[in-house]
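None of the values given here were measured: they were computed from a predicted structure. Sequence lines set the chain letters: A, B, ... in the order given, protein chains first and strands last, and positions in each chain run from 1.
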Protein chains: 2
Amino acid sequence: MSDDDSQTLGITESKEYATGDWYAEVCQKAGLTNYGPEGMSGFIVARPRAYGLWERVQGELDARFKETGVQNAYFPLFIPESYLEREKDIVEGFDPEVAWVTHGGHEELEERLAVRPTSESIIAPYMSQWVRSHRDLPLRVNQWASVVRWEATETKPFFRTKEFLWQEGHTAHETDEDAWEETLTRLDQYEEVYEDVLAIPVMRGQKPDHDKFPGADTTTTVEALMPDGKSVQGATSHHLGQSFAEAFDITYSDEDEEERVAHTTSWGFSWRSLGALIMTHSDEQGLVLPPTVAPEQVVIVPIWQSDTKDEVLDYAEGVADDLEDAGVRVELDDRDERNPGFKFNEWELKGVPVRFEIGPHEVEDGEITAVHRPDGEEVTLDREGVADAVQEELDTVYAKLFATAEENIEENVRDADDRAGILGTLGQHGGYVRTPWCGDEACEEAIGDQMAAEIVMVPFPEDEEKHHEAVLAGGAECAVCGDGADETAYFAKSY
Amino acid sequence: MSDDDSQTLGITESKEYATGDWYAEVCQKAGLTNYGPEGMSGFIVARPRAYGLWERVQGELDARFKETGVQNAYFPLFIPESYLEREKDIVEGFDPEVAWVTHGGHEELEERLAVRPTSESIIAPYMSQWVRSHRDLPLRVNQWASVVRWEATETKPFFRTKEFLWQEGHTAHETDEDAWEETLTRLDQYEEVYEDVLAIPVMRGQKPDHDKFPGADTTTTVEALMPDGKSVQGATSHHLGQSFAEAFDITYSDEDEEERVAHTTSWGFSWRSLGALIMTHSDEQGLVLPPTVAPEQVVIVPIWQSDTKDEVLDYAEGVADDLEDAGVRVELDDRDERNPGFKFNEWELKGVPVRFEIGPHEVEDGEITAVHRPDGEEVTLDREGVADAVQEELDTVYAKLFATAEENIEENVRDADDRAGILGTLGQHGGYVRTPWCGDEACEEAIGDQMAAEIVMVPFPEDEEKHHEAVLAGGAECAVCGDGADETAYFAKSY
């Protein structure tokens with residue numbers, strides 16, 4: 001951190017009243033991101049402290065993928081226009097957002113190349129080559145890469161960027177059931193990473209038919225509710241049915257040597273998850289991170305006068321060594337040129353979950369004062385066995401963050417039975433409004449015309465507790481048009 | 001592996017007489033790569049077995065970077081043309097090879113965007129923002145990404161591809177000495193990964209001045225000698241001096257509050273290393289991999305008749321469990337539908353370093369027959385303690401691979417004192433030809449006009465044993481033009 005930045009520690013915008021400005025300020029002051037160069041609005045730089053978060057999320061997800069039969073690979077960055085055109089829904093869905101390469105060196109290309117907006121159209125042709133027999137299935141590949149979608153919206157780091165980092169998994173299976181199971185396996189893993197790594201509870205369900213991934217049979221989603229009442233589509237997993245397999249000729253011979261068309265899936269998790277992470281937990285002192293992903297889990301701030309400096313520092317170094325030996329990510333901030341108050345603020349801004357304060361009293365009593373971020377709770381720990389004790393503190397901090405986010409989601413699912421109820425509830429509270437729905441896009445549009453809101457999720461049939469009572473009971477009427485309704489729609493404003 | 005491929009196990013081309021065809025066949029048959037789609041010559045797909053190699057190399061290098069103060073980050077894929085133009089050597093060097101994005105969605109862009117061929121021009125402007133004071137230095141960032149260079153040459157997987165995966169490190173320092181030290185630290189790490197992970201001995205040195213990275217003061221290189229006598233530039237580390245810092249205004253205030261221009265470096269290691277790996281060790285049975293990076297270090301092939309199947313399989317499973325518990329990457333190939341001979345061939349093709357053969361005799365004697373790849377040496381191991389014993393076998397295999405490659409390089413550095421000697425030696429033997437050199441590019445061109453060869457390396461002054469005797473003695477004459485020569489040039493054909 002340079003001297004300039006240090007003049008302006010702490011966030012000046014209000015999370016509650018100016019969420020967007022507050023969010024942008026956190027990203028900037030915590031050293032997470034910079035905006036792209038002139039002429040490249042919509043692009044960001046992920047600075048090391050942000051990229052480090054992505055590396056941890058990546059590690060968690062990648063390990064889960066590998067345990068469940070997925071192998072990583074790498075496919076070309078570009079897709080020939082003619083390939084993109086082979087699956088008609090894909091080209092219709094993505095064509096308006098494609099960045100086109102037209103020249104290589106000083107030559108104009110014969111065919112334009114799309115910078116991949118998603119890679120089904122370049123991966124499927126290879127799957128077609130690799131799959132011959134049922135013994136080649138299931139085939140599961142994943143790639144960690146960046147994609148480009150030229151959307152003309154205001155840049156919001158991680159939430160809305162023209163280029164973003166993600167993983168995209170692509171699989172082929174013998175049967176529809178296998179593909180559906182795969183789709184849900186990946187959705188489960190996304191849910192796990194949100195809930196067990198990012199401390200963000202999510203809602204599972206599927207997208208309305210008219211909002212599916214282009215070419216998909218079903219798009220499943222995990223949705224997270226932000227503190228400002230807007231929903232974030234956390235990650236999606238698509239059952240693609242046979243549309244891509246048919247368009248790209250992914251066929252296999254079954255046990256009876258019959259030629260059959262495969263069933264495919266694709267699923268993606270992007271750095272938008274970092275946006276949800278920052279938005280959910282952070283506050284007006286800056287970034288708040290769960291210990292699972294925090295670059296530093298514990299910062300030790302020694303507090304000394306000139307006559308106590310040596311003993312305090314010795315003690316603090318011993319504590320740091322113990323923690324490091326136990327595998328805790330610890331930073332001892334022994335800078336001379338900064339006072340403890342400044343250090344407290346700086347590490348709060350950076351999102352360190354637990355601060356150890358060590359002064360002459362702590363040394364004398366063989367103790368340590370531990371302070372939780374963000375609620376400031378102080379706990380006195382014994383010096384002896386501190387490496388074990390700190391683990392409990394980290395778990396407690398995680399549990400508090402999760403509980404706060406869970407409370408938000410639990411308190412903010414409300415029912416409505418008519419159009420006025422939907423609009424009124426969304427307008428007053430945000431959150432999710434649950435209504436019986438006929439399944440017609442027009443009814444979503446009728447709400448969307450009045451307010452920037454949409455149907456973000458339809459619960460799975462088997463998740464009965466997530467359905468509107470009237471839908472479960474049968475004979476429900478669509479809250480918008482009054483026709484028969486056998487689905488439950490979750491309306492929300494969304495990022 | 002599908003049934004089709006299994007008909008054609010083994011490589012049909014000769015490594016010695018048709019190296020290029022042999023190499024392409026290994027890449028294809030070992031399931032490493034596919035070529036890009038029509039209209040995209042020069043692009044490849046890195047299939048899971050190739051990408052897995054890259055992941056291991058990446059892990060080794062990334063750990064070394066992090067231990068030495070480097071943090072990962074991510075910068076935009078595109079660079080505005082005006083940014084590329086700010087450092088004149090960069091634009092001259094890369095402009096002919098740039099893939100240009102001219103349209104975003106249905107709109108033509110106001111300014112063309114280069115798909116990054118290398119990222120100095122987009123990273124330096126951010127470094128300029130991040131560096132204020134000497135306390136912000138050294139600044140070290142690295143990115144794992146792909147870059148695109150539109151070269152019109154024949155595709156050779158990993159060696160020559162228009163898009164390639166790499167890491168690019170970028171650092172800024174207070175002094176020229178600091179930047180030079182950084183340059184060499186990275187070169188050391190590249191050398192380590194080649195020698196300790198890929199079993200490939202390399203030669204360190206610097207590129208001739210006329211062949212430096214655009215804008216660099218000095219480009220250092222590690223060069224590997226392939227079995228066909230051609231040199232591969234394994235990785236390069238550049239001391240950039242102040243050219244980028246001046247062009248992009250990377251300045252800092254020193255301890256006396258004086259404004260100073262920083263000194264920068266950049267360094268890159270690409271998937272070309274996989275090309276060197278495959279080319280160096282493999283043979284006409286297929287891929288050969290050192291145990292350090294092999295996806296399977298040991299394959300167990302059980303050999304049974306129907307009456308011995310149960311006991312053999314039980315025994316083999318026990319061995320597999322022991323190895324797995326000890327952290328050895330082991331595969332038990334218990335397929336019914338394939339005979340042992342087929343399995344031997346298939347795993348040889350895939351490059352597994354050690355094969356365990358287990359039949360009724362081994363079970364009876366409490367032993368295991370271990371066979372090394374590629375030399376076929378057989379060793380009998382005791383069943384008891386096999387998890388420890390296998391480690392020695394793996395080390396032995398590594399040592400053999402390294403020794404063979406080392407012998408190649410040691411036998412193929414020859415001296416020449418005149419033009420005819422250079423050409424004759426290169427023509428007859430390939431390898432490196434060491435000559436006194438005046439430093440003039442024209443003398444390299446004089447050789448290059450006769451034969452596709454160039455100066456791949458000039459040894460560092462302090463590596464005296466690498467210099468031509470006459471240069472060390474003083475008063476040497478350039479082997480080409482006869483002028484005074486105080487440098488030693490290594491001529492070679494190269495990839």
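Taken to the nearest 0.5 Å, the CD atom of B:Q71 stands 10.0 Å off from the CZ atom of A:R47.
When the heavy atoms of residues 31-40 of chain A are compared with those of chain B, the residues falling under 4.5 Å are A:N34, A:Y35, A:G36, A:P37, A:E38, A:M40, listed by number.
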Anything under 3.5 Å between a donor and an acceptor, one on a side chain of residues 95-103 of chain B, the other on a protein residue two or more places apart or in another chain? List them.
unit_1, atom_1, unit_2, atom_2, d
B:D95, OD2, A:H106, NE2, 3.0
B:T102, OG1, A:T102, OG1, 2.8

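Nearest heavy-atom pair across A:V115 and B:F78 is CG2-CZ, 3.9 Å. Scanning all heavy atoms of the two residues, the minimum distance from B:Y74 to A:S146 falls at OH-OG, 3.3 Å.
If you tally non-hydrogen atom pairs under 4.5 Å between each of A:E111, A:E55, A:E107 and chain B, the highest count goes to A:E55.
Counted within 6.0 Å of CD on A:E259, heavy atoms from surrounding residues, nucleotides or ligands total more than 12; the atom is thus considered enclosed.
When side chains are defined from C-beta on, A:W150 counts as touching B:L109, because their heavy atoms get closer than 4.5 Å. For the pair A:V45 and B:W130, the minimum side-chain heavy-atom distance is below 4.5 Å. Using a 4.5 Å heavy-atom cutoff, the side chains of A:R135 and B:E337 are in contact.
For A:F94, no part lies near chain B; criterion is any non-hydrogen pair under 4.5 Å. Heavy atoms closer than 4.5 Å to chain B are found nowhere in A:I123, neither backbone nor side chain.
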